[in-house]
Structures are given as C-alpha cells and as structure tokens.
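Proteins come first, then strands; the chains are lettered A, B, ... in the order of their sequence lines, and each starts at number 1.
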Amino acid sequence: MSLYILPKDQLSAFVEALQASFRVVGPTQTETGYAFADIVDPEQLELDYDTTVLPPKKYFLPQREVLFNFHANALEPGTGQLEVEPVFQDVTPTVIFGVHTCDMNGIMLYDKVFAEGFRDEHYMERRDQIYVIGIECLTPCDDASFCKDMGTLTAPPIYDLHMTEVNGSYLLDTGSERGEALLLEYSEAKMAKSEDMQLLGRTLSAKWPHFRHRLKMSRDQTPSLLSLGYDAHIWEDLGERCLACGSCTNVCPTCFCFDVQDELDINMEDGERVRVWDSCQLHEFALVAGGHNFRESKASRVRHRLMRKGKYIKQVHGLLGCTGCGRCERACLVDITIPGTLNALYEEMQLEPGG
Amino acid sequence: MAENVKVNVHHLTRVEGHGNIVVDVRDGSIERCELEIVETPRFFEAMLRGRPYHQASHITSRICGICAIGHATASLRASERALQVELSEQTKLLRKLAFHGEMLDSHILHVYMLIAPDFLDVGSVIPLATSHPDVVLRALRMKKFSGDLCEAIVGRHTHPIAMTVGGFTHFPSREDLERMRERAVELVADVDATVELFGTLPWPTFERETEYVALVHPDEYGFIDGMIGSTDGHELPISAYRTVTNERLSPHSTAKHAAFNRDSYMVGALARYNLKHEHLHPRAKEAAAHLGLEAPCYRPYMNSAAQVVEIVHCVDDVLLLIDTLLERGVEWEEPAPITLSPGARGVGACDVPRGILFHEYQIGENGLIEEANCIIPTGQNLGNIDLDLRALVPTLLDQSEAEITHKLEMLVRAYDPCISCSTHFLDVEFVGK
Amino acid sequence: MLDATFNLSTTTTPRAFNGHTSIYLPVIATIEDVQVESKLEKVYDVRLPGGENLGHSPGQFVMVSLPGVGEAPISVMSSPSRTHDTFRLCIRNAGDLTNVIHKLERGDRVGIRGPFGRGFPIEVFKGKDVLIAAGGLGIAPARSLIDQIIDNRADFGRLIILYGARNPSELLFRDAMAEWEERDDVEALVTVDRADDTWLGHVGVITRLFEHIQINPYHTVAITVGPPIMYRFVVMELSGKGLTPEQIWMSFERRMKCGVGKCGHCQVNHRYACQEGPAWTYAEALAFEEAL
Amino acid sequence: MSNKPKIAFFDFTSCEGCQLTVIDALQTHLGLLDLVEIVQFREAMTEKGEDYQIAFVEGSCTRKSDEDRLRQIRNQADVVVALGACAHLGGINSMKNRWTIENVQTYVYGQNGKEAYESYPARPISAVVQVDAVIPGCPIDRFEFLRIVQQMLQGRKPKLPDYPLCVECKLAENACLNTLGKPCLGPITRAGCDAICPTYGDGCEGCRGWHPEANFEHMREILRGHGLSEEDIDARFTMFNHYQMEHMGEDSPLKPEAVLSRNEALPSSDFAAPQEAD
Ligand SMILES: Cc1cc2nc3c(=O)[nH]c(=O)nc-3n(C[C@H](O)[C@H](O)[C@H](O)COP(=O)(O)OP(=O)(O)OC[C@H]3O[C@@H](n4cnc5c(N)ncnc54)[C@H](O)[C@@H]3O)c2cc1C
Ligand code: SF4
Ligand code: SF4
Ligand code: SF4
C-alpha cells in the first residue's frame, strides 16, 4: 500500500464524489462545538476540530440499535404466534472522515471486542461497510487529552485511509486495499513523491514536542498500579464526589456496555428488541434479583471504571481501555479524571508501598 | 312556555378549574343567573415572590396547559420591561411564530371539537365523526401542524422550553423552517375548507352591545405588546392595565371580575376583530365576509366565527414570518442583557386565544421577584358573560329547559372560557376506529 | 485473548437471515409441562423445535425470553443424562419477567438462547468424592449435576448433598430429596434456617450441616451454589476440612443482558461470568478482587 | 362494552397540561383506544363512568376537601397512577408552601381571601392515598405515558429510569450546559424525558423529581461555580420539588428558611389583591 497526495482544495470534490455512493460523515461545527454528523454539503466538513462530545462510536454501535423484530401476543405473553426476525441496523456503505488517532484506537478495540468470542454480526456487518479515514493530530486538541501518555497519538492499523496535512495538501496513506481503491476511484489523488514522504516524516516527527505528558507513570504500569491500589483511599473520595451520571462512559470511545430492552408497538403485538448504551456508573448496572448489588457504592463503580480502562480490558483484549481522548474529563462536572486519578493513586501507592 | 326554570349545568366550563351555570327563573323573572366558578385557587402571584426572575415564565406557563405559551410570553415581557431588555428583531419574529402555533392549536380545538358539533346539532363530536369523518380528520391534521410548529420553535406546546428572558435558548434550523413552511402551504386547503364549513352554520342572532377590549398595534393584527384599545374609544399603554381591569371579587365565583368603562367588557377573538379587523390578511378578510362577520359585531356567539377568521390570518402570517426568517437567516443569539435596579416594575401583555393577559412584576436588585400580579382573560370576561346570560334568558323562556340549557351552554362555550373541559374531543376516536 | 477453557458451543444456532446470523436471536421453544414447585418457584419442561437436544452440561444456563417483556438467564436444571428432547428449568418469581413467565402454561412459547457459560467440569470430578452444598434456588443448577452423577454412579466416589433453605415452605424438590435420602449411595442432609411445626429435621444455616459429615480431603471435590452471602461461610467450612481452593467450585450469579460476553454487566474483575463462568474454582475466584 | 380495562382521568390542582398531553398521545397513537376503554376524561368527554380499574390522577392535593374525592377514587380503582409532577411531587403548587396559607390567601384575594378560598399546603397525592405508579414530568412525556400504560396492561409493575438525566442528554449528544456555564439540574434529576430541556438549550429544572442517588452537595457546588446566589440555588431545588425538600428532614440540602419562611418577614401588599366585592 502506498502514499498519495491530494491538494486541500480538492477535498470537497472527493467528498462530493463519495456522496453519490456513500453516506459520508465527519466532524461538523455545532452551536457549541463539534460533532460527527452527516455531511450534506462538503463545506460542512471541519477537519481541524476540537474533540467531539460523542466519539464516532455512535456509527459503530448506535445509541439505540434494533437486534430483532418480533411479533407476539404481549397481552398474554407466550400464547399465540411468536415470531422473531433479526434486524441488521444501519448497514450502509459509509465513509467516516477525520477520525482522530485516539478515536481510531477506540475503533480498534471495538473490532476486537465484537469479533472475539461470540462474533457479533450486528456490529461486524455494519463495520464491513464503514470506511475509516483518519486524520493525523499535529497539535493537541485541548488540555484534557493525554494521548501521548496512552500511546494513541499515532494511527493504529485500522484505517482505510489516513490523512496528514502537509503544506497545503493532504498526504494520504492507504491502510487497506479497499481504501486505496476508494481514493483512486473517487478522487484525483496522485502518488506521493519521495520529497512528499520526506516532508511527511519531518512533519510527523516535529509534532511530538507539542504534546505533553500528564501521567506520572508509564501506561505499562497502570495494570499493576491499579491492582496494587484496589483498596486505596482515593476511591472513597471519588465515590463521594461522583454524581453517578454516567457521562464519562457515554462519551468514551472504548466503553461498549449495553442494556437490552423490548419495545412494543401500541398494538401490543409487534415490537423490537433493542440494545442501548448502558453505564457501569449507574446504580442498577450490577444489581441482581433479590436486591443484591455487586457494586452498591459509587466508590466501587468509579473504581470499576478505572480498573476496566487501565487493567481489565487489557487483560482480555490486549489493549488498554483508554485512548487518552479526554472526553470523560470534559464531561465530568466534579472533576474526576483519568490522569488525576491514576496520578493520585500513584502518589498514594508511593506513600504506602504494597497497598 | 315555562314560568319557572331552574337550570344547573355542572362542570360546564373551565377557568383553571370548573364552572357551573346557575339559572333560576321564578314567575317569569330572573332570581339568579350567573356563571359560577368553583376554581381551586392556586396562588401563583404569591408563589412568585422571592423567586428569581428567570423562573417566572416557566412557573407561570403552568397556570394553564392550553395557554402556556401565552402566559410565558406575557411573563417574559413583564420581566423584560422591568429589566430594561431590548429584544432583537429575530426574537420578536420567533416569539410571534410560537404564539401563532398556540393560537392555532387552541382555536382549532375550540371551533372543531366544541362549536361545530353544537351548531351541526349533533350533540357532540361522536356523531360528527361518523357523519363527517373528513371534518374530524382535518381538525386532527390542523392541530398536529400547530403542535409541531410549537415544537420546532420552543420545544413543546405545553410548557414551552426555549423562550427565556431576552431571547431564546434554541433556534430552529433552516430545515425546520422549510419543513414547517411546506406544511403551512399544504394546510391552506384545510383552512379554506374550515371557512367553507363554518360559513354554513346558523349563528344565533342574539346581540348585546358591550365594550370590547384588545391589544392594538398601529400596523398589524398583533397579539403581543401594543396598546390596550377599547371600542369605547380609549387607548391606554399596557402599564395602565389596572385602570382597565379594575379587578373585583365577585361573591359567587373564585375568579376575579373586571370592568372598565361599563359594568363589564369582553376580550377575545371577537374583541380583536372589532378593534383591528382592518389589519387582517386579505384572505382572513374574505373569510370574515364569508362568515357574515361585520364590525362592529355585538353577537357573542360570533366569537367563534372570529376565531375561524384568526385561524386564516395566523396561517398566512406563519407563512410570512417563516419567509422573513428564511430570508434573514436564523442566527444563534445569546439572550439580550438585563439591567437590575431596585424595585423595578414591568407589565407584559399578550392577546392569547381567549383575550388579553397581563403580568406585572416588581423585581429587586438581587434579581428576585418582590411583587407579582397576573390577570387572565376569562376573569375579565366573566362579568360580561353574566350580563349576556341575563339578557339572553328572558328571550328563551318559551323554549324547553333542554333547549334553554343548550343555548346557555353554547353561549358560555362561545366565550371559550378554556377549552378542555367542554371539548368532546376524545369521543372522536371512540367512533373513528 | 480469552481463556480457551470456556464453552463456546451453542446447539441452538441462530437462524440465518440474508446470510447473517444473530447471537441475540432466540429460537422459539415450547413449554411441554409446568409444575408448581413452591410458592415462588415453578418447573418448566421446554422443548426446542424438532425436539433438538440442548446439549448442555451441568452448570450452564440459557437465556429465556418473552419478546415484549424481556430476557433473563436461567440455569438448566435437568441432567443431560436424563432427557434429550426437552430440558428443564426451575424459575423463581423474582421480578418483572419471571413474574410473567409464571403465568405461562403448557403449550405456550418462549425464546431460548444458549446454552451459555462454562459449567461444572464433570470429567474432572470422575473418581472423586463429590460434595454439593446448595442454598435456596442453588439446588436447581446443582440438580443437573446431581442427576448426572447418580446416572453414572459408578464413575464417582461418594456423593454428599447438603441443602439449606430459609424455611420448610421454601424447600424445593422434596420428592427427589426423599429419594436421595433413601439411597445408600447418596448422603443427603437438609436444613432450614427457621423451622416450623411440621419440621423435624436439621435447623440452622447450611454450614451447620458440616458438623455431620466427614470427608477425605485428598479425594473430594466440592461444588457450592447459592446466594452470594453463602459462599464465604461454606468456603470457610470446606477449607477447614482441608480442601484446597482448587478443589472447590462455585457458581456465580451476576446481572446478564447478552449472555455472550459483550454487554459488560456480568463482569467479575476482567472476566465474564456468562462465558468463563458462571462456574469457577475458588482458586480462580481468589484472584478476583471483586468476587466474594 | 368489552373486557378492555376501564380507565378514568381525574384532575385536582393543576394546569391540566398532562391531560392535554394524553390527548396529544392519542393523536399519534389512536391504537390505545383498542386497548382500554376511557370512561371518564373531563378534558375530552362529557360522559362519566364510575366503574373503572385504572385511575390517572392529575394535580396536587391542596385542600382538605380534596381528600375525600381522592379516597373515593382510591376505593374504586384497582390501580391509582399519579399523572405528572403536581400529583407525583406536589410540583409547582408546592412553591406556595413557603408562605403561610393565610399569607398567600390575602396576597392574592385580599382580606376576604381567608374565608372564601379554602387551601392548605400543597401535597403530592401519595400523601393522601396509596399510589401504585407514577408518570413523572411537567408535563408528562407522552411516550412514557404510553409505555407505562402498556406495562400495566401486561400486568407488569411500571418501571421508571432511576438514573440521572445526564445519561439521556449525552445520548442526544448535547453539549453539557453546566460546562457552558449554564445551570442544569440534570445530574440530580430522574431521567425519562429524553433530556428535552437541555436539548432545547435550557437547564433541567427537576420536574421529574430526584433520582435515588442525587448528590445535592456537589450539585450545589456546581451551581455555585456558575456564580449563582444561595437563594437562586434554593429556588432551583424547590421549583418542582418544594414538598420533597420540606420533607427531607436531616438530609435536606436546604436551610429550613429556604423551604418555610415566616409570614412576618413579608411586608403586607395589595399588589395582586382585587378591590373588595361590591
Ligand atoms: C447464571 C445465572 C443463572 C440463573 N439461574 C436461575 C434459575 O435457574 N432460576 C431462577 O429462577 N433464576 C435464575 N437466575 C436469576 C434470574 O436470572 C433472575 O431472577 C431474573 O433475571 C430476574 O428477572 P426479572 O425480569 O424477573 O426481574 P427484574 O424485574 O428485571 O429484576 C429483579 C431483579 O433482578 C435483577 N436483574 C434483572 N435482570 C437481570 C439479569 N439479566 N441477571 C441477573 N439479575 C437481573 C434486577 O436488577 C432486579 O434486582 C440466574 C441468574 C444467573 C446470572
Ligand atoms: S476513559 Fe476518558 S480519556 Fe479514556 S478513552 Fe474513555 S473518555 Fe477518553
Ligand atoms: S446539560 Fe444537564 S443533563 Fe445534560 S449532561 Fe449537562 S448537566 Fe447533565
Ligand atoms: S429536562 Fe428536566 S425540567 Fe425538562 S422535562 Fe426533563 S426533567 Fe423536566
């Protein structure tokens, strides 16, 4: 696979050409910031954008997704005809523009989660239809991010195309054959020349000093730090502050927990089983019949989230469960942050070696 | 021919509560004849004291689920006057648009669900739905349009969200406006059919000259702000509303009564029509002619005809407003700044579906409301309804009690004292399915 | 990635639709029979289309659903050694869905997915003395194992069953229990937390039964199934009798929404109770900070 | 007519906006009428049936004479549902509880007000009769209303979300108002309205009541961070939830004077009172 070059002013033409055959989405400006949305007019696409409220995960795992339709007698369940028919929602050829490298890391994790073990066809079918076009971050998007710490400041190998802005042009790396085919069919991109490559190398290496470290430890240490700090004091403090609002998980590109619900039409016969985003920060998440709650306290829920991000997900899927995108920090109204928590834990563990 | 008549219609009307008509005629003379209001007092004015000004519009919209946008608008205008707020042109346009949504919603519900069955002599909407299903479906379509219009501008009809002191917190997108425009254009056929239908109704000819009061504007058939106009030739600033309303307690009702130059006056669609018909859009004028409405009209039953005229006017005005907004483009605007000063007072007035509504607040330097007063249209109409009843009953004495009851109910309903209780709306669906 | 040990087999393979299959799609099964077991529990015999064998192992569960109401995990109570064209569930009326399930009758339909999870490794138990300590509704999943052992009695050493319920009226499977008590190759002991006039047997929490049994720690495996609070005390007793954590198996109940290791609800530390559990050894559980 | 469950609507002190929302729901979901038989609905019909199984009660109880009618409804109905914030929480009406009854009576109706207008501190209907289910909101959300009716018809106990509004607000991808410096009570309010107010740019006012884990202390901190005065914060906590805050006792995040102020503190005024009857 190879490197191409597309002058910036030809991007609109590329987008427009794609619109004929694809749903095109990308970052757009809203009244208060940016959001991934359908691109109706190529002008809407804002590739130089601050992190969005929701990551592009909403295209991979929609907030509300129908799993199957059913026809049943809901007034007297179990009786009469009972039919089910699977639904594969939003399986449409889609091109997502402008995915930051942190968010591509989130997608990489999703790809593992939904493919490993039981294969989730709802995700996989949709995934097959989504082309990811990444954009290289050359300056930090804001103070809340810590991608450099999490190793997500560089593009993971899940993209179809990856763009870097260099001297008024985009250099496009093709991450997949279909990505390359897409580029060639719908744009006027040319093969990059060796001086372009040189320029790209220089641009990429020049970006690192702009990004700062926020963690006091290396990310490889977080699993053991969290094991050690399981009974640390900070959890109580965080639990006391936490609003149990679930915002941190809803905005997170690596959170994928969901609830399953049945929705009935007014005729009480037809309906849908849907999955909707759920959050481990909510009281009901680990509640079982009989009233026992495995994570009754907010402290235990905050801890569980951190454990998942910094340890459990890595144990299961081999990747850390945090991309350092900083969304949860921006969403949290009581200032519970990943770097803040890990650093405080690190300090506490220094004071009490061995936890 | 009845010498002794005793009519007692319970729960006929609703003035944020319930109403009864009581008529007692003995030996041909009226012993008692009045509209009895048995409202549950809610004490909104008392509640507002000590609350931050920005809550007032959201609190007072809860006075009435039908006139919520009207109350909110009057409340905002009161606060804005007290806080010396200058509204942008865009805010004014959007407020008008939302207001029209509510005006349409209320008028459509009233004329179709209440008035039409009365006049077509089918008793209620049930037989209407069987005999004229198209009429009922049309009403539902038109009502849905008004609800959706409110939703696009202020979030919902009952208890609007996006209106705030100084402006709005949310703005309709171009697509929202274009979509509503398209639907308004489609609605015109329904509006024409409405005029056609009501043109065929035999409006009772009962007539009693009285004073009509409405908000007047130099160059438009407006509903918000303006001056208080009266058919007795007065024009007063809104801030002088107390001279007009002269609120009194009436012994037989928990709502307050009002009187201006005479013993009573009337507010509402007919009052507005009488005072400012020349500002109606051309199609509304044609509709008025078709319906036999001619200013000055002293026939209270024609209030419903005036409502039909206002439906025509509002739909045309919605089109105009949307065009203006599309042309200017709707911009995100922060609410206009406020100025706090000690003991600042402001009066807000709107002509809601049932007539003029006044809110007056005194707001302290800390932004908390110190004093509040709200005057609702039905309260102003009560005295006039009483006098109408007294004039009407003697002319009906040769009719059966059932007929008398029906005529009296119809009279009270024409005033639209508040739609919901006397609507037979639901029955439509019982039959329609 | 995931441990290789958990069971990925699902006999009730979802139907294909346009070439897609969905792991969330239940197959429609029929209720062959319903018996009232106690005030709160009913036992259901369920038949998959065409009488297909569920192919479960003891300790596994299925997701039972009534479209329009919801879905819940329920352990399979029947032993794979007994019935092939139906399987049995014992369901407690514990909430929204189970309340509606309790209204179902013979001939009604339910959706079934599964079986899911890692059950008890019966092969590992062979040749050993097996001690089963079940509390409350825990006797239902245990029953699957018990019957399997009884049907292959020669393959195992002693079979000791300890069963506790809160009071006599909540005791399940009294007939089976009487049968087990009759047999001389089964040692069955029952207790209730609180006795009533009719009760002549043991009284006290389940751990009190341990006074009455002697085991050879070298030859025994123990399986415990019951409410979360029971585990700590049972484990203490078993350890006191010389069993190592590797010899003790336990079944975990967690909230479950998908049954296939995606929805996140059943996580115990990094592990999914619906896939790698619900059966774990105490040794494995010790590695979970969250487990007990 | 049929064996469809019979339902009836009743109103106490309220704006009747919740009943109007029910009418709105019927406009889009006419099928509801195939499931239930409405025997009483003053908003929409003149007929009145006294035989009903499910009673939807709108409005707060604001006077002694309301209590009997409520008890009658309770006796007749198998299921009593509180419809909307007034019935559920006391709602807007309970704001008046801050003043003595005599004070509010005379402020609004003058000296005659005391005798003419019976009233007592506003209460949710659950303070008078047992309530089986609640449809929160001011006004109710029509989809939630339909969902809850469906659940009841299935014989299920209606379930409300018991997490905060922020969950729905995030799913709607709203930029958080509190982070934009605009006060919003979403973090302490029960979800279920799809965060309609924040979606339309206005902070949540708590009309659906608090969720079980509401963290008042830190909510107050957040609001202080916007520069709000303590009075302003108290006013936000008590707009729909005055009754709740009055009855929280020790756990109340408000000082007692914020929920009950003394009559004497108010200068007498005839700002709103009418002239005496003639
Ligand atoms: C592996 C496993 C095996 C089980 N085996 C059996 C069995 O053999 N027989 C039996 O009667 N019960 C069994 N249960 C418990 C059963 O799943 C719950 O009683 C059932 O989910 C309650 O659902 P409901 O809709 O009736 O109750 P709800 O009204 O939904 O809830 C009642 C309570 O159950 C909790 N709950 C809701 N959904 C779940 C869920 N999916 N998983 C766990 N808790 C939940 C709720 O938080 C609430 O506290 C098992 C549970 C698990 C995890
Ligand atoms: S935990 Fe926070 S910083 Fe990490 S990926 Fe999720 S939202 Fe981003
Ligand atoms: S706007 Fe309100 S409801 Fe939405 S996330 Fe922010 S605090 Fe929560
Ligand atoms: S956002 Fe808050 S105030 Fe608005 S409807 Fe929802 S709960 Fe009520």
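- Using a cut-off of 4.0 Å between Lys/Arg side-chain N and Asp/Glu carboxylate O, A:Arg295 and A:Glu284 are scored as not salt-bridged.
- Contact annotation: the side chain of A:Glu46 approaches that of A:Tyr34 to within less than 4.5 Å [non-hydrogen atoms, C-beta and beyond].
- Only the side chain of D:Asp162 has a heavy atom closer than 4.5 Å to any heavy atom of chain A.
- In this structure, A:Tyr49 has its ring center closer than 6.0 angstrom to the ring center of A:His100.
- A:Val334 touches chain D through its side chain: at least one heavy atom from C-beta onward sits under 4.5 Å away, while N, CA, C and O do not.
- Residue contact with chain A, scored on non-hydrogen atoms closer than 4.5 Å, involves the backbone and the side chain of D:Leu171 alike.
- Comparing D:Leu146, D:Leu32, D:Ile188 by how many heavy-atom pairs each has under 4.5 Å with chain A, the most go to D:Leu32.
- Only the backbone of A:Phe36 has a heavy atom closer than 4.5 Å to any heavy atom of chain D.
- The aromatic ring centroids of A:Phe60 and A:Tyr110 lie 6.0 Å or more from each other.
- Of the listed residues (A:Gln63, A:Glu76, A:Gln281, A:Arg241), the one with the most heavy-atom contacts under 4.5 Å to chain D is A:Arg241.
- With ring centers used as reference points, D:Phe10 lies 6.0 Å or more from D:Phe41.
- Chain D forms more heavy-atom pairs under 4.5 Å with one residue of A:Ala74, A:Ala331, A:Gly246 than with any other, namely A:Ala74.
- Looking only at atom types and distance, the side chain of D:Asn215 has no donor-acceptor partner in the side chain of D:Glu213 under 3.5 Å away.
- In this structure, chain D has no heavy atom under 4.5 Å from any part of A:Glu31.
- A:Arg64 does not touch chain D: none of its heavy atoms, backbone or side chain, sits under 4.5 Å away.
- The aromatic ring centroids of A:Trp277 and A:Phe256 lie 6.0 Å or more from each other.
- Residue contact with chain A, scored on non-hydrogen atoms closer than 4.5 Å, is absent for D:Glu221.
- Remark: aromatic rings of A:Phe285 and A:His283 are distant, center separation not under 6.0 Å.
- For A:Leu54, the parts lying near chain D are the backbone and the side chain together; criterion is any non-hydrogen pair under 4.5 Å.
- Interface remark: A:Ser247 contributes backbone and side-chain atoms alike to the contact with chain D (heavy atom separation under 4.5 Å).
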